[in-house]
Structure formats: C-alpha cells, structure tokens
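Everything below concerns the one structure shown next.
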Amino acid sequence: MKIADTLRAGAERLSATSDTARLDAELLMAHALGCTRTDVLLRHMQAETPAVFAPLVERRLTHEPVAYITGSAEFYGLELTVSPAVLIPRGDTETLVEAAREAFAKRPAPRRILDLGTGSGALLLAALSLWPDAEGVAIERSPEALAVARANGQRHAPAARFLSGDWTQPGWAEDIGQFDLVLSNPPYVEEAADLAPQVRAHEPAQALFSGPDGLDDYRLLIPQVPGLLEKNGIAIIEIGWTQGQAVSGLANASGMSAKVHQDLALRERAVEMAKMANILLGNTASAH
C-alpha cells in the first residue's frame with residue numbers, strides 16, 4: 001500500500017484513541033522511514049509503506065505516547081531523547097523559559113542556572129540555549145531519568161552538570177551553591193486526578209503525583225528555594241492551573257514574592273519567586 005493510503009487508514013484507526021490521529025500517524029511514519037514528518041509529506045507519499053509501520057500503530061492503539069514510541073520529543077526548538085523514565089516535555093512548560101527570558105531581558109544574564117527534578121533535561125537545556133555562557137546544573141533523583149538527561153546534555157550542552165539529588169532528603173543541596181535562576185517542574189498532580197490513559201498508564205508516577213492536593217512537593221521544595229538563590233536571583237516553578245494562589249502563599253510564607261505567569265491558553269502555569277528583601281514594597285502574588 002502507498003504511504004498516502006496507509007496514513008489515511010492509520011489515522012482512521014487511531015481516531016478511536018487519539019485526538020491527534022493524523023499527526024500521530026505522520027510522526028510514526030516518519031519514525032518508520034527514519035526521516036522528518038515534512039519529508040514524509042513532501043517526498044514519500046507515493047512510496048510503499050514500510051513493514052515496521054503497522055506495529056507502531058498497534059502500540060499507539062494501547063495509548064502508548066508517540067514520544068515514547070519514537071524515543072524523541074521537541075521542546076523549545078530542541079530535539080530531546082525521551083523514555084518512559086521521564087515525563088514527555090510539553091509546550092505548556094515552555095512558559096517557564098519565556099518567563100525567565102522576560103525576567104532577564106533588562107538585567108545581566110544569569111551566570112548560574114539550576115534545574116530541579118530535571119527529567120529529560122528540557123528546562124536546563126532550553127535555558128542554556130538562551131544563555132550558553134551560563135553554568136548549568138541539574139538535579140534528578142531517578143537514576144534512569146538522570147541517564148536520559150545526561151545523554152541530552154551531551155548533545156546540546158556538554159558542559160552542563162547533571163547530578164543525583166532528591167529535595168525530599170536532607171543534605172541534598174550541599175556544595176551546589178547559589179544560582180541566579182532556578183527552574184523546576186515538580187510533581188503537582190493530585191493522586192486521584194482523572195488523567196488521560198496515555199499519561200496515567202505510561203508516564204512515570206513519581207514525576208506526576210504529589211499527595212492528595214498535589215502540593216506535597218511544593219511544601220518541601222519552596223522553603224528551600226531562598227537558600228538556593230543569589231541575592232538578586234529568581235526561581236520559576238511550574239504549577240497546575242488551579243494552584244497559583246496556594247503556591248504563591250507558600251512562597252510568601254518562605255520570605256519570597258510571587259508572580260504568576262499564564263501559558264498560551266491563559267491558564268496559570270508558573271510562579272516566579274524572588275527573595276522578598278529584594279522587592280521594593282514587598283510585592284505579593286500578582287497575575288501576569
């Protein structure tokens with residue numbers, strides 16, 4: 001069967017389990033051919049379908065994410081290796097990188113950048129693509145995830161350091177110093193949340209869930225943030241879209257200001273924090 005026909009048939013089958021069936025079929029075909037999706041559409045539509053395509057569709061029909069099937073995902077223009085050991089980088093998380101870019105637009109570039117719970121390394125590597133002269137450090141508690149992050153680091157920022165660490169354990173931050181920019185996408189999903197099958201069944205639970213209200217990791221992490229910040233440093237932490245007020249309150253209780261940033265869908269997506277002593281008039285949470 002020609003690829004054009006196979007894509008139509010594959011998209012029809014995938015529509016039962018995916019809201020992006022046609023895109024999924026095209027990405028899987030690109031993976032099967034070892035080329036880009038653009039090449040599939042422009043150069044290969046009349047070629048014969050490779051035999052390896054059908055098993056890929058079968059895997060997607062079980063709700064396995066396309067990124068895990070292909071082993072890659074794009075984040076902030078970077079092609080990253082991913083595996084079931086790490087969360088799949090999402091466009092919403094780019095809100096943190098954009099908030100950092102905006103924050104440093106009128107001040108000296110960050111010299112040291114820290115990514116807490118780095119997963120695939122997406123946040124640190126995106127930040128280093130903006131500030132390539134900065135020293136980059138990432139912390140990750142999962143050995144499997146850390147291996148993925150280090151591989152991505154070798155590809156995109158070989159000088160970056162990817163270290164084993166767990167903010168739920170005492171002493172994890174010894175000897176790493178202070179930073180101009182701290183980024184984090186911690187676990188923040190409620191344990192009983194109604195998640196899509198491809199998320200709950202396939203993405204790593206320890207990177208998703210954080211207690212009954214989704215705030216357990218914030219309660220542990222945020223009080224430690226002031227000690228990680230240089231005098232004029234900032235931290236930007238991802239949140240669930242209903243958590244802006246709660247996380248801002250935790251920041252204020254830890255002596256920091258809090259500024260909420262929205263994603264492209266105008267949902268609260270990140271909280272920017274700075275030591276309160278550095279903010280004139282002691283600003284509290286404000287919408288952005």
Side-chain angles (χ1 to χ4, degrees), residues 86-87 89-90 92-100 103 113-120 122-124 127 137-142 145 163 165-173 176 178-179 181-195 199-200 203-229 233-263 267-276 278-279 282-288:
V86 302
L87 288 181
R90 289 162 168 80
D92 289 344
T93 302
E94 293 183 1
T95 303
L96 280 69
V97 185
E98 284 300 295
I113 302 171
L114 175 66
D115 179 7
L116 293 172
T118 194
S120 65
L123 278 172
L124 179 64
V137 179
I139 302 295
E140 175 55 54
R141 64 184 175 185
S142 162
L163 309 176
D166 182 352
W167 65 66
T168 69
Q169 302 299 316
W172 71 271
I176 66 171
Q178 295 182 312
F179 297 82
L181 174 62
V182 174
L183 299 166
S184 183
N185 179 13
Y188 60 75
V189 178
E190 303 92 335
E191 289 174 349
D194 182 18
L195 298 179
V199 177
R200 182 172 284 277
E203 298 201 52
Q206 70 170 358
L208 286 169
F209 300 108
S210 189
D213 61 0
L215 299 174
D216 283 2
D217 278 84
Y218 295 126
R219 295 187 181 102
L220 292 170
L221 176 60
I222 289 175
Q224 302 179 69
V225 168
L228 296 169
L229 291 177
I234 61 170
I236 305 175
I237 296 179
E238 182 161 339
I239 60 171
W241 67 275
T242 64
Q243 295 172 325
Q245 183 174 356
V247 174
S248 294
L250 291 170
N252 295 158
S254 297
M256 294 183 289
S257 65
K259 179 181 182 180
V260 178
H261 293 262
Q262 296 176 334
D263 60 25
R267 295 170 299 191
E268 294 182 348
R269 185 55 60 193
V271 176
E272 177 184 333
M273 308 172 189
K275 294 180 181 180
M276 194 78 79
N278 299 331
I279 309 298
N283 291 341
T284 56
S286 60
H288 175 72

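Just so it is clear, the values below take in all heavy atoms, side chains as well, and ignore hydrogens, waters and symmetry mates. It should be emphasised that the depicted structure is a prediction, and the values quoted were computed from it without experimental measurement. Positions are given from 1 along the sequence.
Between Leu250 and Ile222, the closest heavy-atom pair is O-CG2, 3.7 Å. The nearest pair of heavy atoms linking Pro186 to Ile237 is CD-CG2, 3.7 Å. Considering every non-hydrogen atom in both Gln245 and Glu268, the closest pair reads N-OE1, 4.4 Å. Contact between Ile239 and Gln243 at its shortest, heavy atoms only, is C-OE1, 3.7 Å. Between Ala235 and Val225 the shortest heavy-atom distance is CB-CG1, 3.6 Å. Taking all atoms of both residues into account, the shortest heavy-atom contact from Ser184 to Leu221 is OG-CD2, 3.8 Å.
Taking 4.5 Å as the limit, every side-chain heavy atom of His261 sits out of range of all side-chain heavy atoms of Glu98. Using a 4.5 Å heavy-atom cutoff, the side chains of Leu228 and Leu116 are in contact. In this structure, the side chains of Val97 and Leu123 come closer than 4.5 Å at one or more pairs of heavy atoms. Put simply, the side chain of Leu87 reaches to within 4.5 Å of the side chain of Pro204, judged on heavy atoms. Looking at Leu181 and Ile234, their side chains come closer than 4.5 Å, going by heavy atoms from C-beta outward.
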**Message:** As a quick check of understanding, evaluate side-chain contact (heavy atoms from CB on, under 4.5 Å) for Thr95 and Glu238, giving each step before the final call.
**Reply:** CA-CA 8 Å; Thr95 303; Glu238 182 161 339; over 6 Å; no
**Message:** Set out, in order, the CA-CA distance, both residues' side-chain angles and the distance that settles side-chain contact (heavy atoms from CB on, under 4.5 Å) for Leu124 and Leu183, then state yes or no.
**Reply:** CA-CA 8 Å; Leu124 179 64; Leu183 299 166; over 6 Å; no
**side-chain contact (heavy atoms from CB on, under 4.5 Å) between Asp213 and Arg219, worked out** = CA-CA 11 Å; Asp213 61 0; Arg219 295 187 181 102; 2.5 Å; yes
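Partners of Ser142 by side chain to side chain donor-acceptor pair (under 3.5 Å), not counting sequence neighbours, listed by chain and number: Glu144. In this structure, Trp241 has no side chain to side chain donor-acceptor pair (under 3.5 Å) partners at least two apart in sequence or on a different chain. Among residues two or more places apart in sequence or in another chain, the side chain to side chain contact (heavy atoms under 4.5 Å, CB included) test is passed with Leu220 by Trp167, Thr168. For Glu140, the side chain to side chain donor-acceptor pair (under 3.5 Å) criterion is met by no residue, not counting sequence neighbours. With sequence neighbours excluded, the residues forming a side chain to side chain contact (heavy atoms under 4.5 Å, CB included) with Glu94 are Phe75, Tyr76, listed by chain and number. The side chain to side chain contact (heavy atoms under 4.5 Å, CB included) search around Ala246 returns Leu215, not counting sequence neighbours. Residues forming a side chain to side chain donor-acceptor pair (under 3.5 Å) with Gln224 (at least two apart in sequence, or on another chain): Trp172. Scored by the salt bridge (Lys or Arg N to Asp or Glu O under 4.0 Å) test, Arg267 finds Asp92, Asp263 as partners (sequence neighbours excluded). Under the side chain to side chain contact (heavy atoms under 4.5 Å, CB included) criterion, Ser210 pairs with Pro187, Asp216, Asp217, not counting sequence neighbours. Residues forming a salt bridge (Lys or Arg N to Asp or Glu O under 4.0 Å) with Glu203 (at least two apart in sequence, or on another chain): Arg90.
Between atom OG of residue Ser254 and atom NZ of residue Lys275 there is a gap of 12.5 Å, rounded to the nearest 0.5 Å. Summarising the geometry, atom CD belonging to Gln206 is positioned 4.5 Å from atom CZ belonging to Arg141; distances are rounded to the nearest 0.5 Å. Rounding to the nearest 0.5 angstrom, the gap separating the CZ atom in Arg269 from the OG1 atom in Thr93 is 7.0 Å.
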